[in-house]
Structures are given as C-alpha cells and as structure tokens.
Amino acid sequence: MMTPDGLKKAAALAALAELETLAPGSIVGVGTGSTVNHFIDALAGSGAHIGGAVSSSEASSQRLAAHGIPLVSLDEVDALPIYVDGADEIDHDFNMIKGGGAALTREKILAAAARRFVCICDASKRVTVLGRFPLPVEVIPMARAQVARTLARLTGGDARWRKGVVTDNGNHILDVHGLAIAEPRTLESELNQIAGAVTNGLFARRGADVLLLATEAGVQRHERQSAASSR
Ligand code: 5RP
C-alpha cells in the first residue's frame, strides 16, 4: 500500500511526460504545494530541455532556484504552454478548490495564462461535489470581517480567518466551511464581485485540462473533452 505522499509523488512523476511535446526552451508554469514539490524535484532531475519556470509562490521559487532552474517572470512571456499544479479537491468536470497552501491568487493568474493546466493529485482529492475542503478566499486585511460576513450571507457557510497566515501578496485568508457547491462556475463569479476579496479558491471558470490522478492501481490520465473550445 502506498503512502499518501507516495501517491503524490507518483502523480508528480507522471507529469514529466506532459512536457515531452513542448518545444526545447519552453517556459513551464509551476504551482505550489507538497505534490508540486515532488514535481519540481523530478523536473530538476529529468534532463527536460525547458528554458525556465514561472512560479506561483515564493516557496516554489525557492525550491526551483535551489535546483538551479531559471526563474522567469510572467511579464517576460506571452503565454505559458503548460501549468502544473495540485488541488485540494477536483470534481468530475475538472472544477477545483485550491488555496490550501495560500497561493491561490498567483495560481489563478498562472492558470489563466496557461494553454494547458495539468492537475496532479492523489485519489483522495477527487470528489463528486466540491466543498468538503473549506473554500479559501484571499482578502485585503482591512476588509477581513466585512468579507467574512458577506461570504456567510452569500454561501450559508462559515468563513473563518486562517490566523497567522499572510499570503505572498501581504493579504489574509478566510476559509469557508460547510459548503456543498452545486454550481461552481456561478459561485466563483458571485464571489469575484465581493469588494475586498482578492481571489476565491474556486477554479471552475478556468479549471484543469488534464488530471493525473494517482491511485493504488497506478496513475490515471483523464483529459477534459473539448478543453480549448469550452473556456
Ligand atoms: C496551494 C494549492 C495546492 O495545490 C493545494 O493546496 C494542494 O496541495 P498539496 O499538493 O500539498 O496537497 O492550491 O495554494
């Protein structure tokens, strides 16, 4: 039986195959978290001919730099051919909850810039309905209580401050507990309208294109149908 971390590593290793179709010197978007840490380590040892990486967090930047992988700013590229990241939950339509590592804002920016979003995770992250994992929302600090009240009113959930966490952008995180999200795209759009909320952790309007799901029986590759046409 594989450990949870072993499953994460298996998903991360499988992502290397997704780089094989890239032109030499391509810039890769890199997410954040323990699964992505395995991907960064594997990338460093793979001999893949990438030109560098755009990173979604200071933590991933440090790990990439420690491996000697060149860091590139998003301003320096027109688009990312691929973005590899984990998720806290992913449903069968490739909608996700992300932000457990508090990097959701930069992650959403890189996802938007990417032609292909490859989600790597272990099978425990696959759900039928999103919301058991508390939905992270990054907020401007002075708006925290106000946004928490608005989130509670709009969602019926309980928005709790993730005390002690300051994002790479200097903001705070609220986690909304007690949700069962029937319409992820609609809720994402509604939450985008809240003054003082920087980003919500629903990745539905731009979900994943490919899911590499590590199970005890091996890594399954799922591709969202008509990835390019429906977003
Ligand atoms: C960070 C994220 C991560 O992708 C998510 O939390 C999954 O992390 P892990 O790979 O450690 O389980 O969204 O903000």
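Each ligand, and each atom within it, is numbered from 1 in the order the structure gives. Keep in mind that this is a model prediction, so the values were computed, not measured. The figures that follow rest on heavy atoms only: side chains count, while hydrogens, waters and symmetry mates do not.
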Peer 1: Which of the atoms of ligand 1 are close to Gly99, meaning less than 4.0 Å from one of its heavy atoms?
Peer 2: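 Close to Gly99: 2 (C), 13 (O), 14 (O).
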Peer 1: Is it true that Lys98 and Glu89 make a salt bridge, defined as a side-chain N closer than 4.0 Å to a carboxylate O?
Peer 2: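 A salt bridge is absent here (no side-chain N lies under 4.0 Å from a carboxylate O).
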Peer 1: Check whether any N or O atom of Ala103, backbone or side chain, sits under 3.5 Å from an N or O atom of ligand 1, and answer yes or no.
Peer 2: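 The answer is yes, given that Ala103 and ligand 1 share an N or O pair closer than 3.5 Å.
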Peer 1: Could you tell me whether Gly33 and ligand 1 have an N or O pair separated by under 3.5 Å?
Peer 2: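 No.
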Peer 1: Checking side chain to side chain contact (heavy atoms under 4.5 Å, CB included) between Leu202 and each of Ile181, Thr186, Asn192, Asn95, which is the one that passes?
Peer 2: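 Of all the options given, the one that passes is Ile181.
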Peer 1: Any idea which protein heavy atom is nearest atom 10 (O) of ligand 1, and the distance to it?
Peer 2: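 The protein heavy atom lying closest is Thr35 OG1, 2.6 Å.
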Peer 1: Please list the nearest protein heavy atom to atom 4 (O) of ligand 1 with its residue and the distance rounded to 0.1 Å.
Peer 2: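 Going atom by atom, the protein heavy atom closest to atom 4 (O) of ligand 1 ends up being Lys98 NZ, 3.0 Å.
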Peer 1: Tell me the protein heavy atom at minimum distance from atom 11 (O) of ligand 1, and give that distance in Å.
Peer 2: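 That would be Ser34 OG, 2.5 Å.
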Peer 1: Under the rule for side chain to side chain contact (heavy atoms under 4.5 Å, CB included), what residues qualify as partners of Asp175, not counting sequence neighbours?
Peer 2: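 Testing Asp175 for side chain to side chain contact (heavy atoms under 4.5 Å, CB included), a comparison that skips the adjacent residues, returns Pro134, Pro136, Arg162, Ile173, His177.
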Peer 1: Specify the closest pair of heavy atoms between Gly131 and Ile97, including all atoms of both residues, with the distance to one decimal.
Peer 2: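 Nearest pair, atom of Gly131 first, then Ile97: N-CD1, 3.7 Å.
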Peer 1: In terms of residue, atom name and distance, what is the protein heavy atom nearest to atom 1 (C) of ligand 1?
Peer 2: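 Among all protein heavy atoms, the one nearest atom 1 (C) of ligand 1 is Glu107 OE2, 3.1 Å.
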Peer 1: Which residue holds the protein heavy atom closest to atom 3 (C) of ligand 1, what is that atom called, and what is the gap in Å?
Peer 2: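 The protein heavy atom lying closest is Thr32 O, 3.3 Å.
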Peer 1: What distance do Thr32 atom OG1 and Leu104 atom CG have between them, rounded to the nearest 0.5 Å?
Peer 2: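 One finds 10.0 Å between OG1 of Thr32 and CG of Leu104.
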Peer 1: Check step by step if side chain to side chain donor-acceptor pair (under 3.5 Å) holds for Ser61 and Ser55.
Peer 2: CA-CA 6 Å; Ser61 295; Ser55 166; 3.0 Å; yes
Peer 1: So if I count the atoms of ligand 1 from 1 in the order they appear, which ones are less than 4.0 Å from some heavy atom of Asp88?
Peer 2: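 Those qualifying, in numeric order: 5 (C), 6 (O), 7 (C), 13 (O).
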Peer 1: Measure Ala87 to ligand 1 on non-hydrogen atoms and call it side chain, backbone, both or neither using the 4.0 Å cut-off.
Peer 2: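 It is the backbone that touches ligand 1; the side chain stays farther off.
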Peer 1: Would you please test Lys8 and Ser34 for side chain to side chain donor-acceptor pair (under 3.5 Å) and show each step?
Peer 2: CA-CA 8 Å; Lys8 289 180 182 202; Ser34 54; 2.8 Å; yes
Peer 1: Under a 4.0 angstrom heavy-atom cut-off, which atoms of ligand 1 come close to Asp85?
Peer 2: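 Those atoms are 4 (O).
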Peer 1: Answer yes or no: is there an ion pair linking Asp41 with Arg63, defined by an N-O contact shorter than 4.0 Å?
Peer 2: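 Salt bridge: yes.
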Peer 1: Can you list the atoms of ligand 1 that are under 4.0 Å from a heavy atom of Lys8?
Peer 2: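 Those of ligand 1 that fall under 4.0 Å from Lys8 are 9 (P), 11 (O), 12 (O).
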Peer 1: Within ligand 1, which atoms have a heavy atom of Gly86 less than 4.0 Å away?
Peer 2: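 In order of numbering, the contacting atoms are 4 (O).
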Peer 1: Salt-bridged, Arg185 to Glu183, with N to O below 4.0 Å?
Peer 2: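 Salt bridge absent between Arg185 and Glu183.
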Peer 1: Counting each atom of ligand 1 from 1 as listed, which ones have a heavy atom of Ala102 under 4.0 Å away?
Peer 2: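 The atoms of ligand 1 under 4.0 Å from a heavy atom of Ala102 are 14 (O).
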Peer 1: Taking 4.0 angstrom as the limit and counting only heavy atoms of Lys125, give me the atoms of ligand 1 inside it, by number and element.
Peer 2: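 Those atoms are 7 (C), 9 (P), 12 (O).
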Peer 1: I'd like to know whether Glu138 forms a side chain to side chain donor-acceptor pair (under 3.5 Å) with Asn169, so could you lay out the CA-CA distance, the side-chain angles of the two residues, the decisive distance to 0.1 Å, and finally the verdict.
Peer 2: CA-CA 9 Å; Glu138 179 166 353; Asn169 312 305; 3.1 Å; yes
